[in-house]
Q: 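Quick one: the structure is below, and I'll ask about it shortly.
No experiment lies behind these values; they were computed from the predicted model shown. For ligands, and for the atoms within them, numbers begin at 1 and follow the listed sequence. Numbering starts at 1 and runs along the sequence shown.
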Amino acid sequence: MIIIRAKDYQDMSRKAANIIFAQITMKPDSVLGLATGSSPVGTYNQLIEYYQNGDLDFSNITSINLDEYQGLAPDNEQSYRYFMDTHLFHQVNIDKARTFVPDGLEADTEKACRDYDQIISHEGGIDLQLLGLGRNGHIGFNEPGEAFEKGTHCVPLTESTIEANKRFFASEADVPRHAYTMGIQSIMQAKKILVIVSGADKAEALKEMVQGSITPKIPASILQLHHDVTVVADEAAMSKMAE
Ligand code: F6R
């Protein structure tokens with residue numbers, strides 16, 4: 001695991017965007033695994049700036065997002081599809097037909113999961129997976145549990161995640177209780193993984209991810225077993241790491 005220390009959120013975002021920039025430059029038809037949430041917004045903004053300056057071309061990129069709330073339509077402002085459209089896809093020259101997000105409206109849960117796994121394998125797997133880190137150590141919506149889940153699955157969200165995400169909804173009652181998420185196996189099969197972590201509220205989770213034991217109670221801890229993980233974390237997030 002390579003750990004890159006960033007000064008603050010902005011510095012983290014720039015450093016992470018530069019890694020994605022390098023990936024796209026080296027392999028213009030990369031399959032990017034993407035995340036939503038607060039962590040990647042700055043990274044996406046930086047990538048948009050590179051695109052606007054003419055330095056980055058998304059025309060041959062495929063993207064496969066980590067997760068989606070169950071029951072939310074793509075045009076629901078809280079859906080992850082809407083988030084990606086707004087924060088990245090509509091601002092760069094990516095082919096919209098090559099952007100994948102789990103289908104939150106598929107009534108057949110098992111079919112939704114199966115279809116998504118088929119998309120991942122049909123696209124040949126993920127070249128670079130971008131991850132944020134949950135305060136409880138989750139990645140995607142792989143919440144702390146008794147086992148590492150393999151493929152795409154539908155999960156009940158934990159109280160801590162509902163609490164963390166309610167800021168995006170009118171009230172806590174509006175936060176969906178289930179989400180589709182790529183499984184740990186799909187994430188671990190990505191050729192490269194880039195984790196971005198910012199803020200003191202992530203310090204404990206980051207310490208456990210990097211220096212704790214490997215346990216499904218901290219899903220991100222499994223990343224210690226991946227051969228090509230880069231973590232870009234700011235000083236606040238790194239404040240609990242042992243030297
Ligand atoms: C989002 C996702 C989540 C977030 C995590 C951190 O697609 O998969 O695992 O990365 O909850 O969220 P933020 O970045 O909002 O702190």
Q: Could you tell me whether Arg167 approaches ligand 1 through its side chain, its backbone, both or neither, with non-hydrogen atoms closer than 4.0 Å?
A: side chain
Q: Which of the atoms in ligand 1, numbered in the order shown and given with their element, are less than 4.0 Å from a heavy-atom of Leu66?
A: 8 (O)
Q: I need the nearest protein heavy-atom contact for atom 11 (O) of ligand 1: residue, atom name and distance, please.
A: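 I find the closest protein heavy atom is His138 NE2, 2.7 Å.
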Q: Identify the closest protein heavy atom to atom 15 (O) of ligand 1: which residue and atom is it, and at what distance?
A: Ser38 N, 2.8 Å
Q: Can you tell me which residue and heavy atom of the protein come closest to atom 1 (C) of ligand 1, and the distance to 0.1 Å?
A: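 Checked against all protein heavy atoms, atom 1 (C) of ligand 1 sits closest to Thr36 OG1, 3.2 Å.
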Q: Could you give the distance from OH (Tyr50) to CD1 (Ile20), rounded to the nearest 0.5 Å?
A: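 Rounded to the nearest 0.5 Å, the OH-CD1 separation comes to 10.5 Å.
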Q: For Leu133, which part has a heavy atom under 4.0 Å from ligand 1: side chain, backbone, both, or neither?
A: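 Backbone only.
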Q: Restricting to pairs with a member in residues 145-187, which pass ring pair (Phe, Tyr, Trp, His ring centres under 6.0 Å), not counting sequence neighbours?
A: Tyr69-Phe169
Q: Please give me the minimum heavy-atom distance between Arg81 and Lys96, naming the atom from each residue.
A: NH1-CE, 3.3 Å
Q: Got a donor-acceptor contact below 3.5 angstrom from the Gln224 side chain to the Gly212 backbone?
A: yes
Q: Does ligand 1 have any atom sitting under 4.0 Å from a heavy atom of Arg135?
A: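 False for this residue.
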Q: Please classify the Asp67 to ligand 1 contact at 4.0 Å (heavy-atom distances, strictly less than): side chain, backbone, both or neither.
A: side chain
Q: Starting from atom 10 (O) of ligand 1, find the nearest protein heavy-atom neighbour and note its residue, name and distance.
A: Gly132 CA, 3.3 Å
Q: Can you measure from CG (Leu32) to CD (Glu123) and round to the nearest 0.5 angstrom?
A: 12.0 Å
Q: Under a 3.5 Å distance rule, please check whether His226 uses its side chain to pair with a backbone N or O of Ile187 as donor and acceptor.
A: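 No, because the side chain of His226 does not come within donor-acceptor range (under 3.5 Å) of the backbone of Ile187.
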Q: Can you tell me the protein heavy atom closest to atom 14 (O) of ligand 1 and the distance?
A: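 Going by distance alone, atom 14 (O) of ligand 1 is nearest to Ser39 OG, 2.5 Å.
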Q: For atom 16 (O) of ligand 1, grab the closest protein heavy atom and report residue, atom and distance to one decimal in Å.
A: Lys202 NZ, 2.7 Å
Q: Among all protein heavy atoms in this structure, tell me which lies nearest to atom 3 (C) of ligand 1, with the distance rounded to 0.1 Å.
A: Gly140 O, 3.6 Å
Q: Measuring from atom CD1 of Ile139 to atom CD1 of Ile193, what distance do you get when rounded to the nearest 0.5 angstrom?
A: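 It is 7.0 Å, given to the nearest 0.5 Å.
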Q: With the threshold set at 4.0 Å, does a side-chain nitrogen-carboxylate oxygen contact exist between Asp117 and Arg114?
A: no
Q: Flag Tyr80 as yes when one of its N or O atoms lies below 3.5 Å from any N or O atom of ligand 1, and as no otherwise.
A: no
Q: Run the salt-bridge test on Glu208 and Lys217 with the 4.0 Å N-O cut-off and return the result as yes or no.
A: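 So Glu208 does not pair with Lys217 through a salt bridge.
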